Amino acid sequence: MNYYSTRDENKTAPVSAAQAIKQGLADDGGLFVPETLPTLTRDFLRALCADDYAARAAKIMKLFLDDYTYEELLSDCQAAYAPTSFRGGAAPLVAVGDKDLYSLELWHGPTAAFKDMALQIMPRLLSRALKKTGEDRTALILVATSGDTGKAALEGYRDIDQTKMIVFYPVDGVSRVQKLQMATQEGENVRVVAIRGNFDDAQTGVKRIFGDSVVADRLNKGGYLLSSANSINWGRLLPQIVYYVSAWCDLTNEGKLHEGEVFNVCVPTGNFGNIFAAYLARRMGLPIGRLICASNQNHVLTDFLRTGTYDRNRAFHLTMSPSMDILISSNLERLLYFTAGSAVTADCMKQLNQNGCYTVPAEVKAEIDRAFVGYYADEQQTAAAITKAWAENGYLSDTHTAVALSCAEQYRTETGDMTPMVVASTASPYKFANNVYRAIAKAEPTDDLAALYELSALTATDIPYPLSGLAERTVRFSDVIDASDMTSAVYDTLGL
Ligand SMILES: *Cc1c(COP(=O)(O)O)cnc(C)c1O
């Protein structure tokens, strides 16, 4: 199967799956998409129901990655989703109350958040892609992080063959828990460096290194190629299709869904990656009815889905669901491609770059409306959803999941559509323990580390293993540098 850029109107530059994963972004600035979407036949789906998560993942990914063997994919998926790492299961489906509402818990992995679902497997796909494309250099992955993505990337790339990773974070811009998580990171091929400055300084520094031909040249001579762990990489999107199919299998196995019945999916959305994966599953034939796109106070997507106009020119809000505080949802470009084609996509992206806004043609809006509906939850509604899920259903929800729970309820109330609903649960409540504690205890936690223990005591639930005993772990990385010294830190790490 070939991959093309979303902006490649005449399909002039096909690449293999391995090349798309190695390259990340297409040369014209577009995102890679497969030339066709495979169909999930009834027989294929039925057979999947008997498989465990790793086999389900390998079989679905094989449909898209025909330059990988099934054995390679199965072995990588078994390693990625091992029970030692996903101790609560890879993507368990948990009933919330008795109204056919289910939480698809995607956070039982090594960093207690859903990015693990993709970042545990993507580095393995990349490592193989290097070999498949005859690349003998080592991929150097540089990440600027405001907290969570950095940790998930570190866990994903640690000790992966032919890769090295350096993560930069703003020294005073992450929480105490996040800092501890990164400073105690294990793995021989990873390094973590704190920057004096804010997240923008770290990100600008990384972008500068990526754009510097002198650096590229020196890295190349030293046997390194620069690569990114960015969420627009096809290798990060593809593994996310799997858990929606897996959820259907679980609902079917449990007799909650019968032949010919559909289910709805509600996803707390930021960059539009997670919900777009659900859309692809739907287009491939998974019986999904509505896709409910859930946003927080930064509801640029809700407005887009309601009006057809995407407008990033607006105030930016810091919310208690920070991973959704996004005004440019990069993966939306792939939805435009699949509903409007390359020409319209390229035009919209140009307008977005120039004016920060665009409007899709009416027939594209109509096509999007057939699948999607947008809702949002403000801060008060988010907190209320946490309080309610716990009080009424004994379900402990994180802040991002709570946005989706609120939106799912708004949708049901407004439409009366009580079709079984799967809510993507994207983080452990302990990942955002302070705000979860506030919503349930109606009191302030002592600090963000203490909040873990206070939430555990309050709800009689366990702190997940990635977040327990943090303060007792050995700190391996304590360097703090000026942002202007980031390039030297790279050379220094690699001994160049
Ligand atoms: C990244 C993230 C999201 C948003 O997912 P997208 O794929 O960017 O839409 C939601 N919740 C959590 C906890 C996340 O880390």
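Note that ligands are numbered from 1 as they come in the structure, with each ligand's atoms numbered from 1 the same way. The structure presented is a predicted model; accordingly, all values stated were derived computationally and were not measured.
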*Look at the rings of Y81 and F86 and say which category their plane angle falls in: under 30° parallel, 30 to 60° tilted, over 60° perpendicular.*
tilted
*Among residues two or more places apart or on two chains, list those pairs meeting salt bridge (charged side-chain N to carboxylate O under 4.0 Å, His left out) that have a residue in residues 447-461.*
R176-D447
*asked:* Applying salt bridge (charged side-chain N to carboxylate O under 4.0 Å, His left out), can you list everything that pairs with R124, at least two apart in sequence or on another chain?
replied: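 R124 satisfies salt bridge (charged side-chain N to carboxylate O under 4.0 Å, His left out) with no residue once adjacent residues are dropped.
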*Apply salt bridge (charged side-chain N to carboxylate O under 4.0 Å, His left out) to R312 and list each qualifying residue two or more places apart in sequence or on a separate chain.*
none
_Face-on cation placement of R306 at Y375 ring, 6.0 Å and 45° thresholds_ =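 Pair R306/Y375 counts as cation-pi.
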_Among L332, T359, V360, L327, the one residue meeting side chain to side chain contact (heavy atoms under 4.5 Å, CB included) with Y310_ = L332
Give one line per pair: atom of ligand 1, protein atom, distance. Only N/O to N/O under 3.5 Å.
{"unit_1": "ligand 1", "atom_1": "7 (O)", "unit_2": "G273", "atom_2": "N", "d": "3.3"}
{"unit_1": "ligand 1", "atom_1": "7 (O)", "unit_2": "N274", "atom_2": "N", "d": "2.9"}
{"unit_1": "ligand 1", "atom_1": "8 (O)", "unit_2": "N271", "atom_2": "N", "d": "2.7"}
{"unit_1": "ligand 1", "atom_1": "9 (O)", "unit_2": "G270", "atom_2": "N", "d": "2.8"}
{"unit_1": "ligand 1", "atom_1": "9 (O)", "unit_2": "N271", "atom_2": "N", "d": "3.2"}
{"unit_1": "ligand 1", "atom_1": "9 (O)", "unit_2": "F272", "atom_2": "N", "d": "3.1"}
{"unit_1": "ligand 1", "atom_1": "11 (N)", "unit_2": "T426", "atom_2": "OG1", "d": "2.8"}
{"unit_1": "ligand 1", "atom_1": "15 (O)", "unit_2": "K115", "atom_2": "NZ", "d": "2.6"}
{"unit_1": "ligand 1", "atom_1": "15 (O)", "unit_2": "S323", "atom_2": "OG", "d": "3.4"}

